[in-house]
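A quick write-up on the structure given underneath.
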Number of protein chains: 2
Amino acid sequence: MTTRRRGKDLEDAILSAAAEELRESGYPGMTMDRVAARAGTNKNAIYRRWPHRAALGIAAYRHLADAAMPDPDTGTLRGDALEMLRRANETWSSPFGAILRGLLAAAADDPELLTLMRERSGADTMDRAWLAMIQRAVARGEAPGEAAHPRVAATPMTLLRGEYATRGIPSVPDEILVEIVDEVFLPLVRGRAG
Amino acid sequence: MTTRRRGKDLEDAILSAAAEELRESGYPGMTMDRVAARAGTNKNAIYRRWPHRAALGIAAYRHLADAAMPDPDTGTLRGDALEMLRRANETWSSPFGAILRGLLAAAADDPELLTLMRERSGADTMDRAWLAMIQRAVARGEAPGEAAHPRVAATPMTLLRGEYATRGIPSVPDEILVEIVDEVFLPLVRGRAG
DNA sequence: CTCTTAAGGTACGGCGTGTACCCTATGAGA
DNA sequence: TCTCATAGGGTACACGCCGTACCTTAAGAG
């Protein structure tokens with residue numbers, strides 16, 4: 001330990017350590033002591049940068065996330081929607097998604113943290129992608145223009161999240177995704193005609 | 001303290017104490033020590049009955065819940081749906097709902113607890129009420145028979161829960177409820193015709 | 001070369017969960 | 001009526017974690 005890290009170097013080391021802890025133990029299992037130890041520093045350095053454990057957790061989560069997949073384009077609205085749901089399901093059911101859910105659970109009481117989460121977790125990006133997808137379908141004449149409504153766009157993802165919330169875990173079976181698309185999303189889009 | 005409580009007496013005392021703690025401090029603030037003190041007993045008696053704090057929390061929550069309102073019957077599907085959402089919004093935004101949300105957050109990782117919660121929290125009852133409501137609309141000729149689908153029935157409540165999950169707070173404004181009904185639920189019901 | 005700033009080291013206070021141990025009232029059954 | 005297994009009461013404690021305080025020491029700007 002000849003040299004002593006400072007500023008950004010140290011900050012990155014802490015974030016990486018926290019991210020690894022998140023990956024290994026989830027948010028509830030991420031302790032400040034272990035993060036400090038893993039980063040080869042001490043809690044002072046952490047608390048000088050982040051006020052809470054939660055703040056560090058969110059910041060570290062961001063360190064993991066960098067998805068930014070391209071929009072699906074299967075040619076049909078049904079195909080695109082299913083693809084989106086399947087991708088989301090994969091993400092949410094990965095250990096990675098478990099972390100996100102842990103964070104969400106911890107933030108559930110704290111509006112301030114919740115908005116932080118929304119920004120970082122790409123939920124808004126997701127909604128925009130759905131809207132764009134619907135607009136492509138409208139352009140193809142596959143859906144009525146009234147279908148391009150934010151709440152319609154957000155519905156399938158909300159339903160998927162609902163599955164996680166009530167079932168609780170590993171992964172939502174594909175039939176459910178199909179059901180969400182065929183029994184809710186597509187009828188909804190059609191029902192908005194005229 | 002001439003007499004010493006046993007069995008059901010003591011159990012009720014503990015549950016009542018836990019329920020009061022829940023009401024006053026929410027689930028995160030309900031500590032075993034305080035519950036024991038409030039019940040005039042000690043943690044032994046509690047841990048002999050419930051394995052976790054979470055288990056006690058869920059059991060105590062049940063002690064608070066006894067709603068069972070009659071179904072709304074406004075004469076129109078739109079009116080009934082709005083009424084259901086408004087009632088749910090009231091419940092969920094009450095301190096009482098905050099408790100429920102705290103419990104849900106704590107149980108989010110544990111499927112076992114989640115099923116316990118579902119049974120106790122009346123979510124299934126709620127879904128049945130929605131289905132019955134839709135079936136009345138079908139009988140009136142107000143909705144197509146295909147609309148009486150469990151997933152359709154569950155959609156509005158899931159969307160409302162989604163609002164709580166992302167916004168995080170006090171109460172969902174009425175416009176949002178109206179939007180859920182007019183922009184999603186009713187188009188969905190109509191879109192399932194034919 | 002000095003001096004402010006930030007890192008390292010370490011020790012705590014406080015709180016909460018779950019367990020251990022030992023004492024004592026209760027009530028069922030002989 | 002007496003005995004005795006059972007369950008409640010009291011208390012202490014190990015353990016883990018968060019967040020803070022305090023002091024020492026390196027780094028690097030001026």
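The sequence lines fix the lettering, A, B, ..., with proteins before strands; numbering per chain opens at 1.
Look at CG on A:Asp12: it is 13 Å from P on C:dA7, rounded to the nearest Å. Going from atom CZ of B:Arg49 over to atom P of C:dG18 covers 17 Å, rounded to whole Å. Between the CG atom of A:Asp9 and the P atom of D:dA26 there is a distance of 18 Å, rounded to whole Å. Rounded to whole Å, the distance from CH2 on A:Trp50 to C1' on D:dC18 is 17 Å. Atom CE in B:Met30 sits roughly 12 Å away from atom P in C:dG16 (whole-Å rounding). One can place NZ of B:Lys8 at 13 Å from P of D:dG8, the figure rounded to the nearest angstrom. Distance A:Leu10 CG to D:dG28 C1': 16 Å, rounded to the nearest Å. As a whole-Å value, the separation of A:His52 NE2 from D:dT20 C1' is 15 Å.
When heavy atoms are screened at a 4.0 angstrom cut-off, B:Arg34 is found touching no nucleic acid atom at all.
Checking side-chain atoms of B:Asp80 against main-chain N and O of B:Met133 turns up no donor-acceptor pair under 3.5 Å. At least one donor-acceptor pair closer than 3.5 Å links the side chain of A:Arg192 to the backbone N or O of A:Glu146. The closest donor-acceptor contact from the side chain of B:Glu142 to the backbone of B:Leu77 lies under 3.5 Å.
Side-chain N/O atoms of A:Arg5 include none lying less than 4.0 angstrom from OP1 or OP2 on D:dA26.
Nearest to the side chain of B:Asn42, among D:dT11, C:dG16, D:dC17, sits D:dT11. In this structure, of D:dG8, D:dG19, C:dA7, it is D:dG19 that holds the atom nearest to the side chain of A:Arg53. The side chain of B:Thr41 sits closest to D:dG9 out of D:dG9, D:dC18, C:dT17. Nearest to the side chain of B:Tyr47, among D:dG8, C:dT19, C:dA7, sits C:dT19.
Residue A:Glu24 places its CD atom among more than 12 non-hydrogen atoms of other residues, nucleotides or ligands, all under 6.0 Å distant. For CZ of A:Arg38, the number of neighbouring non-hydrogen atoms (other residues, nucleotides, ligands) closer than 6.0 Å is greater than 12.
If you chain together hydrophobic residues whose side chains sit under 4.5 Å apart, B:Leu188 and B:Leu131 never meet in one group.
Figure legend: cation-pi geometry between A:Arg53 and A:Tyr27, with NZ or CZ positioned under 6.0 Å from the six-membered ring centre and within 45° of its axis.
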Below 3.5 Å is the cut-off: list the nitrogen or oxygen pairs between protein and nucleotides 22-24 of chain D, distance only.
residue	atom	partner	partner atom	Å
D:dC22	N4	A:Asn44	ND2	3.2

